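Quick notes on the structure that follows.
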Amino acid sequence: MMNNSFGKVRVRFAPSPTGGLHLGGVRTVLYNYLFARKHSGDFILRIEDTDQTRFVEGAEQYIYDCLEWCGMIPDESPAKPGAFGPYRQSERKEMYREYAEQLIKDGHAYYAFDTTQQLEQMRLDFKTEENSSPQYDSRIRKKMKNSLTLLSSEVEKLIEEKTPYVIRIKIPENEIITFHDMIHHEVSFDSNVVDDKVLLKADGMPTYHLAVVVDDYLMKITHAFRGEEWLSSAPVHILLWKYLFGLNKMPQWAHLPLILGPNGKLSKRDGAKFGFPVYAMNWTDPRNNEFTEGFKEKGFLPEAFINLLAMLGWNSGKEQELFSMEEFINDFSIERVHKSGAKFDYEKAKWFNHEWIKNSSADYLFPLVNDLFKNKDITINDEVFLKKIIDLVKERCALIPDFYEQAVYFFQAPEKLDLDTIKPKWNEAKTNFFETFSKKMDEISWTTADIENAFKNLAAEMNIKPGELQLPMRIMLVGGKFGPAVFEIAHLIEKEETILRIKNALTLLNS
RNA sequence: GCCGCGUUGGUCAAGAGGUUAAGACGCCUCCCUUUCACGGAGGAAUCACGGGUUCGAGUCCCGUACGUGGUACCA
């Protein structure tokens with residue numbers, strides 16, 4: 001897909017490094033990434049750190065880590081500069097001013113000297129019932145302290161005296177600003193309800209509005225995808241493009257629908273409240289040590305995370321729900337992204353992960369499960385054995401940590417036995433059976449089939465239904481009512497361990 | 001308040017004027033399995049509301065309601 005005067009497709013993800021990367025953010029990256037790959041374009045990471053008061057230590061590195069975990073490495077970024085650097089807006093500070101000055105020269109912007117207090121006063125003074133929050137607009141600006149109301153000599157004087165000022169865009173009156181959005185199609189705004197946004201702040205830094213337009217131009221961005229929360233400020237950006245570079249050079253816009261929580265917009269509070277992660281990876285805010293859980297650490301596979309995110313707001317039109325990144329790249333189209341926000345459903349998210357775990361090989365899962373056990377102080381020496389166990393239990397695991405409960409009894413005797421389920425029906429005959437069975441084990445060649453045969457033959461001999469013995473056997477070995485075939489388990493934990501666990505259980509049952 | 005955007009089962013969604021309104025998650029029943037899961041077969045459950053347009057509307061138009069975003073020298 002070609003765009004305007006540029007050849008190659010270039011898209012960007014432009015987060016501000018303020019900490020955490022939530023579901024919606026990752027999905028924005030994803031759609032950018034898929035689009036870039038689909039059209040053999042470039043995927044750029046630009047750090048939008050123009051608000052120096054919100055800088056958070058480690059936040060940029062965290063973004064790289066998340067992108068790497070998800071398998072979406074940018075082609076150009078602060079860490080891997082291309083030909084359009086620098087890639088941090090704070091390092092581009094000097095580039096923005098000339099564009100702001102140009103706008104003033106052309107009559108599309110002006111200096112404003114109002115202090116914060118004066119702005120607050122204005123909002124108070126002009127507040128009415130019909131207008132609960134007055135904006136700095138075409139009507140109000142005539143009453144404020146700016147280069148539109150001041151004499152040019154006064155303006156020069158103020159600037160000479162180093163009076164702090166900002167540069168504001170001068171929104172035209174009575175214009176309908178219309179633009180095409182790849183998802184929403186035609187969107188239009190009345191310029192009379194758009195305010196004169198600050199373009200250049202008193203500290204010389206641009207606001208998002210100026211920076212995004214200038215950088216998208218300078219970086220030759222062809223398609224700009226961002227969250228729908230930006231739709232309301234789109235008219236400012238459109239105007240800026242028109243005044244600065246020409247609408248024909250403007251990237252195509254796509255405003256992505258929001259991802260919602262169980263009641264309304266998704267917040268990190270929802271995570272704590274409903275017990276699901278909202279960030280890609282664990283994040284601890286260095287300012288207050290506030291911890292927010294991540295999908296990675298919760299036990300999600302990155303493939304599953306990507307998969308579930310992609311399906312939240314986009315659909316291929318086919319029945320297929322499980323997609324690899326390659327398949328997504330192949331099938332993705334921005335036109336099929338939905339207009340409306342999607343509510344995040346943790347149950348469905350787990351289903352995706354479960355499917356991915358089931359479909360993953362033991363080789364792939366091994367490092368994750370191995371780490372899990374290591375963190376629980378269980379060292380596994382036999383890699384081949386663990387992989388066998390992984391294949392045996394993976395269909396029972398929705399999240400990686402589930403492997404612990406589902407497999408720990410292969411490595412150590414269960415700490416607690418669910419005796420309550422067998423005690424009511426326990427009797428001497430059963431004790432007798434298990435004692436006899438333990439003694440007979442030496443005669444059994446220790447294969448799953450032989451154990452089962454011996455077990456069933458003895459049950460028949462002693463006139464007990466095998467079914468009444470199998471559950472007790474399971475609880476003795478596993479601790480609870482779960483896990484794969486019980487004779488398979490006996491086979492895998494070996495004869496001595498089997499005898500030992502039966503013996504211990506018998507002691508408990510008869511005490 | 002004002003402005004923008006949106007609205008198909010509880011959730012994700014297919015659907016682009018004529019369908020018995022797909023499919024998935026979750027829930028329920030049954031089968032498989034004398035465990036749990038996997039797998040298989042069924043089931044309950046939806047076009048926000050009201051007006052138009054049309055022979056015919058989930059699909060087009062208008063209004064209302066509801067949701068959501070913006071309304072910062074934050075992004």
Side-chain angles (χ1 to χ4, degrees), chain A residues 14-18 48-51 53-54 89 112 114-116 119-120 123 127-137 164-168 181 183-184 187-190 192-195 197-209 211-212 226-235 255 257-258 260 262-265 308 311-322 338-352 354-355 358 393-398 402 406 418 421 465-475 478 480-486 489:
Chain A
S16 34
T18 51
E48 308 222 328
D49 55 349
T50 53
D51 184 358
T53 63
R54 296 211 306 163
Q89 288 182 332
D114 317 282
T115 62
T116 311
L119 289 172
E120 276 168 18
R123 288 186 189 111
K127 186 169 176 173
T128 61
E129 267 185 34
E130 315 79 73
N131 188 1
S132 66
S133 53
Q135 306 189 105
Y136 205 117
D137 59 17
Y165 66 85
V166 301
I167 294 177
R168 286 180 182 271
D181 182 279
I183 294 165
H184 296 277
V187 181
S188 56
F189 296 84
D190 181 345
N192 294 328
V193 299
V194 180
D195 65 327
K197 288 265 182 271
V198 170
L199 263 20
L200 202 75
K201 301 186 260 190
D203 65 0
M205 276 288 191
T207 57
Y208 172 83
H209 306 105
V212 71
R226 69 209 324 189
E228 205 186 274
E229 68 268 27
W230 289 111
L231 198 50
S232 301
S233 38
H255 288 88
L258 271 5
L260 308 172
N263 33 25
K265 59 185 167 188
L308 72 93
M311 302 307 282
L312 219 47
W314 173 85
N315 188 285
S316 67
K318 301 190 291 192
E319 283 196 7
Q320 180 181 358
E321 286 198 275
L322 265 17
H338 306 139
K339 286 186 172 82
S340 51
K343 206 172 275 187
F344 173 68
D345 179 7
Y346 190 47
E347 292 306 317
K348 182 103 191 203
K350 282 192 289 192
W351 174 80
F352 274 109
H354 194 180
E355 291 297 312
K358 281 191 303 187
V393 304
K394 68 184 182 187
E395 68 188 25
R396 287 153 232 268
C397 300
D402 294 343
Q406 291 295 332
D418 177 15
T421 62
K465 282 185 196 153
E468 297 202 3
L469 298 164
Q470 232 165 282
L471 189 59
M473 172 86 160
R474 165 176 303 280
I475 287 171
V478 173
K481 290 191 284 185
F482 58 93
V486 68
I489 294 169

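Quick caveat, the model's predicted, so the values are computed rather than measured.
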Discussion item. Taking B:C31 as the reference, what is the distance to B:C12 when you measure between their C1' atoms (whole Å, please)?
Written reply: 29 Å

Item to complete: Would you please confirm or rule out a distance under 4.0 Å between OP1 or OP2 of B:A72 and any side-chain N or O of A:Arg123?
Response: yes

Worksheet entry | Base-contact (B) and sugar-phosphate-only (S) positions in nucleotides 38-48 of chain B, heavy-atom cut-off under 4.0 Å, - elsewhere | SS---------

Worksheet item: Would you say a side-chain N or O of A:Lys201 is under 4.0 Å from OP1 or OP2 of B:A75?
Response: yes

Worksheet item: C1' atom, B:U7 versus B:C49: distance in rounded Å?
Response: 11 Å

Worksheet item: In whole Å, what is the span from the CG atom of A:Leu322 to the P atom of B:C25?
Response: 10 Å

Fill in: Selected nucleotide, minimal atom distance to A:Arg54 side chain, candidates B:U71, B:C12, B:C74
B:C74

Discussion item. Side chain of A:Leu260 only, heavy atoms from C-beta on: which candidate in B:G70, B:U68, B:G1 is closest?
Written reply: B:U68

Worksheet item: Taking OP1 and OP2 of B:U34, is either one under 4.0 Å from a side-chain nitrogen or oxygen of A:Lys465?
Response: no

Worksheet item: Can you check the A:Lys339 NZ to B:G4 P distance for me, whole Å?
Response: 17 Å

Item to complete: Taking A:Asn131 for its side chain and A:Lys127 for its backbone only, find out whether a donor-acceptor pair lies under 3.5 Å.
Response: no

Fill in: Nearest-neighbour nucleotide for the A:Thr207 side chain, B:C3, B:G1, B:A75 considered
B:A75

Worksheet item: Rounding to the closest angstrom, what is the interatomic distance between B:U46 and B:G58 at atom P?
Response: 15 Å

Practice prompt. Report which part of the nucleic acid A:Asp114 touches: base, sugar-phosphate, or nothing (heavy-atom distance under 4.0 Å, all strands).
Written response: base

Practice prompt. Would you kindly give the CD-to-C1' distance between A:Gln470 and B:U35, to the nearest whole Å?
Written response: 9 Å

Fill in: N/O donor-acceptor pair under 3.5 Å between A:Asp195 side chain and A:Lys197 backbone
no

Item to complete: Report yes if a side-chain nitrogen or oxygen of A:His184 is closer than 4.0 Å to either non-bridging phosphate oxygen (OP1 or OP2) of B:G6; otherwise report no.
Response: yes

Practice prompt. Give a yes or no answer on whether the side chain of A:Gln135 reaches the backbone of A:Val193 with a donor-acceptor pair at less than 3.5 Å.
Written response: yes

Worksheet item: Do A:Ser232 and B:G4 share a donor-acceptor pair, side chain to base, under 3.5 Å?
Response: no

Discussion item. Measuring to OP1 and OP2 of B:C74, would you say a side-chain N or O of A:Thr50 lies under 4.0 angstrom away?
Written reply: no

Discussion item. Over 60° means perpendicular and under 30° means parallel, so tell me whether A:Trp230 and A:His209 are parallel, tilted or perpendicular.
Written reply: perpendicular

Discussion item. Is A:Arg474 close enough to B:C36 that one of its side-chain N or O atoms is under 4.0 Å from OP1 or OP2 there?
Written reply: no

Worksheet item: Under a 3.5 Å cut-off for both distances, is B:A44 Watson-Crick or wobble paired, and to whom?
Response: none

Worksheet item: Between atom CD in A:Glu130 and atom P in B:C2, what is the gap in whole Å?
Response: 9 Å

Discussion item. Quick check for you: among B:C12, B:U35, B:U68, whose closest atom lies nearest to any side-chain atom of A:Ala342?
Written reply: B:C12

Item to complete: Look only at the side chain of A:Asp49 and the backbone of A:Gln89, and say whether a donor-acceptor pair between them is shorter than 3.5 Å.
Response: yes

Worksheet item: Of the nucleotides B:C12, B:G1, B:C74, which has the atom closest to the A:Asp51 side chain?
Response: B:C74

Worksheet item: Contact class for A:Val166 (heavy atom, under 4.0 Å): base, sugar-phosphate, or nothing?
Response: base

Practice prompt. Kindly confirm or rule out a cation-pi arrangement of A:Arg396 over A:Phe482, judged by NZ or CZ under 6.0 Å from the six-membered ring centre and within 45° of its axis?
Written response: no

Worksheet item: What nucleotide, of B:G1, B:C73, B:A24, holds the atom closest to the side chain of A:Trp351?
Response: B:A24

Practice prompt. Evaluate the criterion side-chain hydrogen bond (donor to acceptor under 3.5 Å, both in side chains) for residue pair A:Tyr136 and A:Asp114; output intermediate values, then yes/no.
Written response: CA-CA 11 Å; A:Tyr136 205 117; A:Asp114 317 282; 2.6 Å; yes

Practice prompt. Answer yes or no: is there a donor N or O on one side and an acceptor on the other, between the side chain of A:Lys201 and the main chain of A:Thr50, under 3.5 Å?
Written response: yes

Discussion item. Would you say A:His255 places a side-chain N or O within less than 4.0 Å of OP1 or OP2 belonging to B:G4?
Written reply: no

Practice prompt. Between B:A24, B:A22, B:U35, spot the one nearest the side chain of A:Lys481, thanks.
Written response: B:U35

Discussion item. Can you check the distance between B:U54 and B:C61, where both ends of the measurement are the C1' atom (answer in whole Å)?
Written reply: 12 Å

Worksheet item: Between B:U29 and B:U19, how far is it from one P atom to the other, in whole Å?
Response: 35 Å

Worksheet item: Toward the 5' end of RNA chain B, which comes first, A:Gly341 or A:Ala349, by nearest nucleotide?
Response: A:Gly341

Discussion item. Output the rounded distance in Å from CZ (A:Phe482) to C1' (B:U35).
Written reply: 10 Å

Worksheet item: Got a donor-acceptor pair under 3.5 Å from the side chain of A:Lys318 to the base of B:A14?
Response: no

Worksheet entry | Paired nucleotide for B:U35 [Watson-Crick or G-U wobble; both distances under 3.5 Å] | none

Worksheet item: Start at the 5' end of RNA chain B and walk down; is the nucleotide closest to A:Leu231 or to A:Gln406 reached first?
Response: A:Leu231

Worksheet entry | For atom CD1 of A:Ile183 and atom C1' of B:G4, their distance in whole Å | 15 Å

Practice prompt. Pick base, sugar-phosphate or nothing for A:Ser16, based on heavy-atom distances below 4.0 Å to the nucleic acid.
Written response: sugar-phosphate

Practice prompt. Provide, to the nearest angstrom, the distance between the CG atom belonging to A:Leu308 and the P atom belonging to B:A13.
Written response: 12 Å

Worksheet, complete the sentence: Of A:Val198, A:Leu199, A:Leu200, the one forming a side-chain contact (heavy atoms from CB on, under 4.5 Å) with A:Val166 is A:Val198

Item to complete: Would you indicate which nucleotide in B:C74, B:G4, B:C73 comes nearest to any side-chain atom of A:Leu119?
Response: B:C73

Worksheet item: When we call it a touch if two heavy atoms are under 4.0 Å apart, what does A:Thr421 touch: a base, just sugar-phosphate, or nothing?
Response: nothing

Worksheet item: Considering Watson-Crick and G-U wobble pairs with both distances under 3.5 Å, what does B:C66 pair with?
Response: B:G6

Worksheet item: Of A:Glu229, A:Arg226, A:Lys339, which meets side chain to side chain donor-acceptor pair (under 3.5 Å) against A:His255?
Response: A:Arg226

Discussion item. Could you identify the nucleotide paired to B:C55, looking across every strand shown and requiring Watson-Crick or G-U wobble geometry with both distances under 3.5 Å?
Written reply: B:G18

Discussion item. What is the separation between atom NZ on A:Lys265 and atom C1' on B:C5, rounded to the nearest whole Å?
Written reply: 15 Å

Worksheet item: How far does the C1' atom of B:G43 sit from the matching atom of B:G9, given to the nearest Å?
Response: 14 Å

Worksheet item: How far, in whole Å, is B:C28 from B:A37 if one measures between their P atoms?
Response: 11 Å

Discussion item. Closest approach to the side chain of A:Trp230, judged atom by atom: which nucleotide of B:G1, B:C73, B:A75 is it?
Written reply: B:A75

Worksheet item: Across all strands, who's sitting opposite B:C12 as a Watson-Crick or G-U wobble pair, both distances under 3.5 Å?
Response: B:G23

Worksheet item: What is the nucleic acid contact for A:Pro484, judged by heavy atoms within less than 4.0 Å: base, sugar-phosphate only, or nothing?
Response: base

Practice prompt. Could you please name the partner base of B:C74, counting Watson-Crick and G-U wobble pairs only when both distances are under 3.5 Å?
Written response: none

Worksheet item: Is the backbone N or O of A:Glu395 less than 3.5 Å from a side-chain atom of A:His354, with the two atoms forming a donor-acceptor pair by type?
Response: yes

Discussion item. Please give the distance between the P atoms of B:C5 and B:A45 as a whole number of Å.
Written reply: 36 Å

Worksheet item: Are the side chain of A:Ser316 and the backbone of A:Lys318 linked by a donor-acceptor contact shorter than 3.5 Å?
Response: yes

